[in-house]
Amino acid sequence: MSRASAYFGKERAVAIEAVECASRVCQAVFKRLVTEETLTKKDKSPVTVADFGAQAVVNLILEKHFPDDPVVGEEDSKDLQGEEGRVLREKVVDLVNTITEQPLSSDEILRLIDRGQYAGGPKGSHWTLDPIDGTKGFLRGEQFAVCLALIVDGKVRVGVLGCPNLPYELDKPDGERGVLMVAVEGQGAFQRRLHGGGRADEVLIHASKVADTRDATFCESVEAAHTSHGDSANIAKLLNITRPSVRMDSQCKYAAVARGDADIYLRLPQKAAYEEKIWDHAAGNIIIHESGGRVTDVNGNPLDFSIGRTLSANKGVIAANANIFDTVIDAVQTTLAGKF
Ligand code: AMP
Ligand code: MG
């Protein structure tokens with residue numbers, strides 16, 4: 001590994017700071033801009049403003065502490081450029097400047113957003129960022145996540161998920177919300193409160209120990225375009241699962257498996273040509289591994305983060321606790337019958 005220290009203490013702390021800050025940006029936008037009217041008109045502009053704002057803020061913090069690290073981020077500044085992008089750009093600039101110590105110019109903010117254009121690949125260090133994963137969940141006031149991970153020499157070494165709407169305890173769905181999950185390679189996975197938690201608040205988390213799939217719960221995307229609900233129903237039948245699937249947006253599904261709220265996460269390709277994006281899976285991947293769970297694609301191959309911006313060597317994603325993982329993959333293979 002080319003990175004000087006394999007302990008990643010500074011990387012962990014900075015990634016947490018960046019995710020907390022970006023989560024605040026998203027929550028502020030939700031409070032101010034997501035209204036009944038937005039929802040009925042299906043106006044997505046609030047989530048767009050929050051997406052750009054969150055990417056600018058994370059990249060600002062990463063640049064301050066790790067100026068040489070490139071970033072693979074979901075967004076670029078194209079839609080904010082020129083006269084056409086003026087209205088949106090002004091909203092993003094206003095938003096970012098509510099949280100920075102010194103006001104930043106709009107050019108500076110666009111430059112920060114475009115720090116996310118790195119191509120990725122097998123050598124050296126880079127970060128990968130999804131400023132708002134689960135945009136539909138965000139607009140509905142349901143699950144979304146700010147996702148940041150560090151990849152060194154093609155492997156995920158640090159992952160942080162900010163989940164502002166995730167209940168802190170599964171059995172208290174109306175109780176406290178806001179969870180941060182963090183994992184560093186070889187150091188376990190932890191949960192803490194998203195805001196103000198601090199290191200003393202961290203609790204080690206584990207995937208479930210369920211050993212019979214009859215007792216298992218699985219989760220999947222809300223959006224039928226992102227996963228085949230039909231295939232997952234057939235897989236569930238083969239596994240004798242009787243509990244209804246838990247549908248939620250974003251990498252909160254990884255969080256649910258990592259702390260044992262659910263036992264399985266199925267993401268089954270809708271189109272063979274779709275390539276999963278590294279920012280949609282990197283943080284969740286290490287959090288599952290460090291919680292004692294397993295993750296592969298639908299063919300049982302590890303997710304390969306070394307290729308570039310997409311997981312072009314993989315199809316779909318399966319995560320589960322280690323006890324039932326092989327059984328789940330067998331059922332996936334039987335159901336998909338070599339389609340991918
Ligand atoms: P989820 O909230 O788990 O449904 O996933 C949200 C992510 O799905 C977004 O960040 C997109 O990058 C990604 N996505 C978009 N189109 C597809 C697709 N056809 N198949 C799988 N994932 C997709
Ligand atoms: Mg995403």
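By convention here, the first residue in the shown sequence is residue 1. Atoms within a ligand are numbered from 1 in the order they appear, just like the ligands themselves.
Comparing E74, H226, Q270 against atom 16 (N) of ligand 1, the shortest heavy-atom distance belongs to H226. Scanning E275, K253, K277, E276 for the heavy atom closest to atom 3 (O) of ligand 1 points to K253. Among K136, Q143, R267, Q251, the residue whose heavy atom lies nearest to atom 5 (O) of ligand 1 is R267. Considering S221, C147, G137, A225 only, the shortest heavy-atom separation from atom 18 (C) of ligand 1 involves A225.
Geometrically, R193 engages Y168 in a cation-pi contact defined by less than 6.0 Å to the ring centre and at most 45° from the axis. For the pair K44 and F138, the cation-pi test (distance below 6.0 Å, angle within 45°) is failed.
Proximity of the aromatic rings of W127 and Y118 is defined here by a centroid distance below 6.0 angstrom, and this criterion is not met.
Side-chain contact check for E185 and H289: no donor-acceptor pair (N or O, by modelled atom type) lies under 3.5 Å. Under 3.5 Å, the side chains of T48 and D51 contain no donor-acceptor pair of N or O atoms.
Contacts of S312 classified as side-chain hydrogen bond (donor to acceptor under 3.5 Å, both in side chains), with partners at least two apart in sequence or in another chain: none. Under the side-chain hydrogen bond (donor to acceptor under 3.5 Å, both in side chains) criterion, D330 pairs with no residue at all, not counting sequence neighbours.
Nearest heavy-atom pair across V71 and N59 is CG1-OD1, 3.6 Å.
The nearest protein atom to atom 12 (O) of ligand 1, hydrogens excluded, is given as D280 OD2, 2.6 Å; this is a heavy-atom distance. Protein heavy atom closest to atom 13 (C) of ligand 1, with residue, atom name and distance, is Y274 OH, 3.4 Å. For atom 2 (O) of ligand 1, the closest non-hydrogen atom of the protein is S250 N, 2.6 Å.
Those atoms of ligand 1 that come under 4.0 Å of a heavy atom in D130, given as number and element, are 10 (O). Close approach of ligand 1 to D249 (heavy-atom distance below 4.0 Å) involves ligand atoms 2 (O).
The shortest separation from a heavy atom of M248 to ligand 1 is not under 4.0 Å, leaving the residue out of contact. Not a single heavy atom of T135 sits less than 4.0 Å from an atom of ligand 1.
Side chain of N314 to main chain of P302: a donor-acceptor pair is present (N/O by atom type, distance under 3.5 Å, no hydrogens or angles). When atom types are taken as modelled, the side chain of S228 and the backbone of D231 share a donor-acceptor pair closer than 3.5 angstrom.
Alongside V332, the hydrophobic cluster contains F218, I235, L239, I241, I264, L266, L268, V298, I318, I324, F325, V328, I329, L336, F340 (criterion: ILVMFWY side chains under 4.5 Å).
Applying the 6.0 Å contact sphere to NZ of K91 captures no more than 12 heavy atoms from other residues, nucleotides or ligands.
At least one N/O-N/O distance between D133 and ligand 1 falls below 3.5 Å. Among the atoms of K271, none of the N or O lies under 3.5 angstrom from an N or O of ligand 1.
Looking only at protein N/O/S atoms, the ones less than 2.8 Å from the Mg ion (ligand 2) make 3 in total.
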